[in-house]
Each structure stands twice: as structure tokens, then as C-alpha cells.
2 protein chains.
Amino acid sequence: MQTRILVNLLNMKKLRTLWHKTDSETGIQVIDQRQLPHQFITEDLHTVAEVFYAIREMVVRGAPLIGATAAYGVYFACLEAEKASNPDVYFAECIQKLRDSRPTAVNLFWAIDRQLRAIEAGGTWAEKAQLARQSADLIVEEDVEICRKIGEQGLPIIEKIYQDKKGERVNILTHCNAGMLGCIEWGTATSPIYQAHQKGIPVHVWVDETRPRNQGASLTAWELSQAGIPHTVIVDNAGGHLMQHGFVDMAIVGTDRTTRQGDVANKIGTYLKALAAKDNDVPFYVALPSTTIDWTIRDGLKEIPIEERTEAEVKFIPGWSVEHEKMLNVRLTPPDSPAANYGFDVTPARLVTALITERGICEANEEGMLSLFPEEKK
Amino acid sequence: MQTRILVNLLNMKKLRTLWHKTDSETGIQVIDQRQLPHQFITEDLHTVAEVFYAIREMVVRGAPLIGATAAYGVYFACLEAEKASNPDVYFAECIQKLRDSRPTAVNLFWAIDRQLRAIEAGGTWAEKAQLARQSADLIVEEDVEICRKIGEQGLPIIEKIYQDKKGERVNILTHCNAGMLGCIEWGTATSPIYQAHQKGIPVHVWVDETRPRNQGASLTAWELSQAGIPHTVIVDNAGGHLMQHGFVDMAIVGTDRTTRQGDVANKIGTYLKALAAKDNDVPFYVALPSTTIDWTIRDGLKEIPIEERTEAEVKFIPGWSVEHEKMLNVRLTPPDSPAANYGFDVTPARLVTALITERGICEANEEGMLSLFPEEKK
């Protein structure tokens, strides 16, 4: 099931995080993101069981990518149901299995439900499978398009800084991985950066390593490296110092959930960077697909529950042992010292310069958001 | 030269970072801090060469401890000079070697110079050695006393919070290791904490892991653990979230250099925590021996040069491999992604609630500092 790919990824025209193995085959391929940045290994997925494994074990991660992968899981479920002795029961079990793969992933449930509606029109399981595949392809292309548009909206911000700096390189700080690897292509926070790079604007990205899970040092650094975009990995402690000394022209991050008044829940540590940006007049942008806006809540600090994860993610860290030529987990703390592991923090809207969505850019407050999404007025 | 000590450190009455092997022997013993928190190994030092190695290879670290260790290096130099064919030349070579062990360590030069003055009164090399040993012992005891006094001055702050919280535990956040391990005993930022604990005040310490060199996760967590003080290791990203939710009653850190107007250069990331403290009305204290005040400079951001260290400290991390039962270095980043490594940042005085010195507590501004140190008025 695993394939080590030795091609120079820079030569691959369009690297995505999920693709059809071939047009005629049923299987899809994904990147095993647990191995990045140390090894580029793809996984073939052609069964519900394989999709379940890939989502549960975090072979794939990032809300849009999880949703898209699960969408193909529904397609495989239709194919497998066709051959089952009791197709309806078998299919229902498959759907439950997919729902259970990551219990808190909203996009996962959204994608599965959308697939269930899409296959209703199919009379036979073969027809349902056909519809599920088409619908999954559509979910993928829609995500690509939303991310492309976020980049299109954000690009002028980078262009303006480039003009103001009279052609000097634009230094952009980002936290965690709101990149292509969490989506299908482009990413969210990275999309304006990729588009600026493609337009020939010299950009340089400060990549927060993003402890404890190091998505910056492992994933963002890897994808920027593949795209040939100049970047420098820094510890999460460094951003304030860089901003104090004028080394950061703008910060841009993603978000897991945005409230009606523009508060932003994102990876732990985002708030600290937003504070430093404010203190040093560095513009701080949040890039988001509008699907991550929760119009039902206002006060992010009071209303967004913050996930606490296992202390092992703080006490141990995986990395590449040059000596042993493999990935190894090492312990960083005294064995008996407890650790706490909060997954996210909330950045109050007052620290956010603007939100960049697929529909446009707006101020991080209710008025600004409703100007882009008037249908959400009550 | 190495000894593995298996005693329960809690049963050692007074753990210090440096001690005489026995009263009658010349050698001293230090903890090999490179092995913490994974192994407690002591090193015997009885020659100039061994002292040079211990300082250069960071067996000992922390300005006061480096100074004290070098002081005994001068003592060993006197003993060795006595037996050398050309004592004066040999001694001068030893002193130069000690000076070269860590080129930027101010305390190192200070301690060596103080020792050179102390031995001037000695007629023979044996007499000089005797004077050097006494003077080194004095340097050690003075450091212990300064740290003890810092704790004594800071203790009422913790007592007050304890009273205000009506007996609930006091949650204190600290960054890096401004602990006993960098000094001889007590530490600076940790000294009020140790003294509060000894007085029976329930304290709990949030220990920032302090990337890239993880002095918090490895050293501060270890020494708090040995002292039986409740603590929790957190990633450097977490402090803002904790403060937003009222989980931090005060922050206290050390400093490498403090300016005349109260700006504080400390381990990278300190500034971000000070910003979060300000934003959430959490008092932010800096504990320091007055020797770290640089009365010749005012504006820390403009006047304190920030050391850039090797990118390897960001790209690789040492930890304990349970599988291989030893310490291993693992790589965290793509091999070709560059990394930047700034050692310190400057926290402007406006973010510091107060400075805690061995002479008392003062506001972080020139007036406040001169009220404690009137002899520095110009």
C-alpha cells in the first residue's frame, strides 16, 4: 500500500494532497503526512477500511482534506455495498465507521452528509457509486477554487507592501500549517503567498515551528520548500523579536473557527503573535474559507471550548535520527513532570487587521463580516 | 571522572550545583547539566583542563555558576603552577585558557579578575592557592546569599496573592531556567517560589519549555521536581491562553542584562509572555542580582545586541530515546530548510510590573532603580 516516490516534486506540475490513482481505477492516493518532512510516502486508498485508517491515524489531516478523503470513503462504501450480501446494512456500517474516524472533525460530518444527499438519486449501488465519485470530485474542486480565491483576494495586500518597500522582499510570518497540505491545493494562509510567488514578487516566509506538534517546522516548511519559496524556520518564541526589529512586514494565519464578531480560534500561540503584531504595528491577517465562520457565536473567549490533548505530545517529540536512519520519538521532560496541552487559543478581533475570505477582505467585526455575507443578517 | 549518583535527591539536605568533593580534597564536583533531565551525572573537576572542558562543553551553564567554576579553575592553576618548571608562564597560560572557555560570558571574566586580585597578597604559589580557594568559596557563598535575598524580597508578592486568593494555590509562570541550576542555590526567578514552598504556601509553576534549547522542560522542570514543587510543563505557545483564562496569577523571569531604564534582555520569547501578561492584567516580575544591571545603557531595543546562535539548535533537538535507552538528537525540519536562532529578546520596561533585586523591589524605570541603587546617580 505504501509507495516511496523519488521524483523531484518540483517537477510535478501540480502537487495536490489527494488524487486519483489513474482515471480508470477506483483508488485514490494521498501523502502520508505523518512522515513529513522526513520521507515522502504516498498511500493508496481503495477501501472504506483504508480510508478509515488514513483519517484515524492522521495519514491525512486538515479539515478540508479530511472531508475530501471521507467523501471518497462514501464512494468506496457504495462499491463495496454492491457486492455485499445485505447492501443497506453494510453501507450503513461503513458510514458509521467513517463518522467515527475523527469524532470532532466538523468537515468530516459535513462531507459525509453531502455525499449521502448526492447519492439519493441513484437507483442501483453502481449508480450511487458513480454519483458519489462525481460528488467527491466536486468537493475537491470546490475546495481548490475557494483556496484559489482566498489567494486572489489576499494577493493585493502583498503587492501593496512590495510596492511600498520599493521592490525589497516581503517578509511574511505564519503560524502552524494553514497550507496546501491541510487542503487540496493552495491552502488558506499560504494561498496569497503562493500566488505572490507565482507573480514574481520576492516573498520570504518566517515559519513558526508551532509546538507541540510542529506543523510549521514539518509541514509548512516542507511545502514551501517544494514550491521553491524562500523561508526560514523559527521557534515560536522568536516572532516578537523579529517584529520589534522590523523583520516582519505582515503576519497571516489560518483559523479553525471564527465568530460572528471576528474572534479567531486557531492553533495555540496565534494570540501571542497577534499581540506582538499589534505592539509593533505589523498587520495581522487571518485567511479563511467562509465555511469556518460560526455565525451562531460572538465572544470567542467565552464561547469556543478549547480542546485539551494528551500530555505526550508535549513530553515527547518525533524527529529523524540521522544515526538510526529512521523516525524516532524522544522524551524532552523529566519522566514524572506533568505537561498540559491546549490545542488552540482565541485571538480577539481587536488584534486582527482583517479577514481574508473567498468573497473578499473585511474588517474583523460583525459589520465587516456582514458586508461580505449579507445573507447572515438576522 | 563521571559518577552516576543514584541517591534520592530529595533526601540530600541542600543540593547545590557545585560543591567540594570533601573538605580535605582539592577537587570540586558539579552536575553534568547536559544530561538533565534524563540522567543525573556528576563530574569531578580537579585540574584547569577539566574546568576548561566543563565550561566550554556546557557541563555547567548559567552566568553565576560559570563564574564560580572558573574561580576554582584559578585555584587549580595556582596548585599546578607550584609544580611547573616555569610557574609564572604556566599560570598565565592557564588564566588565558580559562578566559577562552566561553568568550562572551561576562561573569567568567569578572570571577577570574576577582581571583587574580585575591591572590596578589600570596607570596608563594601555595599561599596563592590557599587565597584562591578561600576567595572562590566566598564567591559561591555570596551568590547563595544574593539569591536567597532575592527570594526574601519576592516572597511577600506570592504571600499577598495567596491571601487575596483566600488560600487557593498560587499559579506562577516562568520562562527558561532562572533557577538554582544556573546559580549555586535558590536561583533568581525561582528563589521566591522555593521560599514560598518552604513556608507552606501552595504554589504551582507553569514551566515554559523554552525552545530552542528547552531549558524550561529540561532544567526548570527537573529542579522543581527535585524540590517537590508542583509544576506543569507547557509549550511556549500556551502562556497567552492560560493568562486569558485566569490560570496564571503572576509571571516571574530572570534576565541576562537590564538597562538603566528597566528594559530587560532575557531568553527569546520573554517579550511575548510580557505582552500577554499586560493584556490580561497579570503581574510580570523580573528577578535579578544587581550585577546584571548595565548602568551604561538605557534603550534595550537599540543598545543590546542580540546573539544569533547556530541554526542546528532549531533544526535538531536532543531527547531521551526510550527505545535506545540513551540520549539522541533528532532532526525536526526538512534538511534543506534554513532556520534562524536568536538567543534573546528585549522586554521594554513598560511591560514589567517590577524588578526584584537583592536590595528590594522597584519599578522598572530609572527613578525606581536609582531609589534602590542611589550610588548610580550621575
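Per chain, numbering begins at 1; letters A, B, ... match sequence-line order. The figures here come from the full heavy-atom set of this structure, side chains too, leaving out hydrogens, waters and symmetry mates.
Heavy atoms closer than 4.5 Å to chain B are found in the side chain of A:L242, but not in its backbone. Interface remark: A:L224 contributes no atoms to any contact with chain B (heavy atom separation under 4.5 Å). Of the atoms belonging to B:P318, it is backbone heavy atoms, and not side-chain ones, that fall under 4.5 Å from chain A. Proximity to chain B (any heavy atom under 4.5 Å) is shown, for A:R213, by neither the backbone nor the side chain. Heavy atoms of A:F344 lying under 4.5 Å from chain B belong exclusively to its backbone. Both the backbone and the side chain of A:D236 come within contact range of chain B, with heavy atoms under 4.5 Å apart. Looking at B:I306, only its side chain comes within 4.5 Å of chain A, counting heavy atoms on both sides. At a 4.5 Å heavy-atom cutoff, the contact between A:K326 and chain B is made by side-chain atoms alone.
Inter-residue side-chain proximity for B:D299 and B:I297 is flagged as unmet; no heavy-atom pair is nearer than 4.5 Å. At least one side-chain heavy atom of A:T17 sits under 4.5 Å from a side-chain heavy atom of A:Q33. Contact check for A:Q35 versus A:F40: no side-chain heavy atoms found under the 4.5 Å cut-off.
Looking at B:R309 and B:E307, a side-chain N of the basic residue comes within less than 4.0 Å of a carboxylate O on the acidic one, giving a salt bridge. The existence of a salt bridge linking B:D208 and B:K273 is confirmed by a sub-4.0 Å separation between a basic side-chain nitrogen and an acidic carboxylate oxygen. Salt-bridge annotation for B:R350 and A:D279: present, with a side-chain N of the basic residue lying under 4.0 Å from a carboxylate O of the acidic one.
When the candidates A:A238, A:P37, A:P230 are compared by the number of heavy-atom contacts under 4.5 Å with chain B, A:P37 comes out ahead. The candidate with the highest count of non-hydrogen atom pairs below 4.5 Å against chain B, out of A:D345, A:L36, A:V207, A:L332, is A:L332. Interface check for chain A: of the options B:H175, B:H324, B:E209, the most heavy-atom pairs under 4.5 Å are formed by B:H324. Chain A forms the most heavy-atom pairs under 4.5 Å with one residue out of B:V330, B:V314, B:T210, and that residue is B:V330. Chain A forms the most heavy-atom pairs under 4.5 Å with one residue out of B:G239, B:A340, B:P348, and that residue is B:A340. Here A:G240 is the residue among A:G240, A:S321, A:P335 with the most heavy-atom pairs under 4.5 Å with chain B. By number of non-hydrogen pairs under 4.5 angstrom with chain A, the leading residue of B:I234, B:L219, B:L275 is B:L275. Ranked by heavy-atom pairs shorter than 4.5 Å toward chain B, the options A:I317, A:N341, A:L272 are led by A:L272.
Of the inter-residue distances, the one linking B:S225 atom OG with A:D336 atom CG reads 4.0 Å to the nearest 0.5 angstrom. Taking CG of B:L301 as the start and CG of B:D263 as the end, the distance is 6.5 Å to the nearest 0.5 Å.
By the 30° and 60° cut-offs, the orientation of the rings of A:H245 relative to A:H241 is tilted.
Between A:N329 and A:F316, the shortest heavy-atom distance links the atoms ND2-CB, 3.8 Å.
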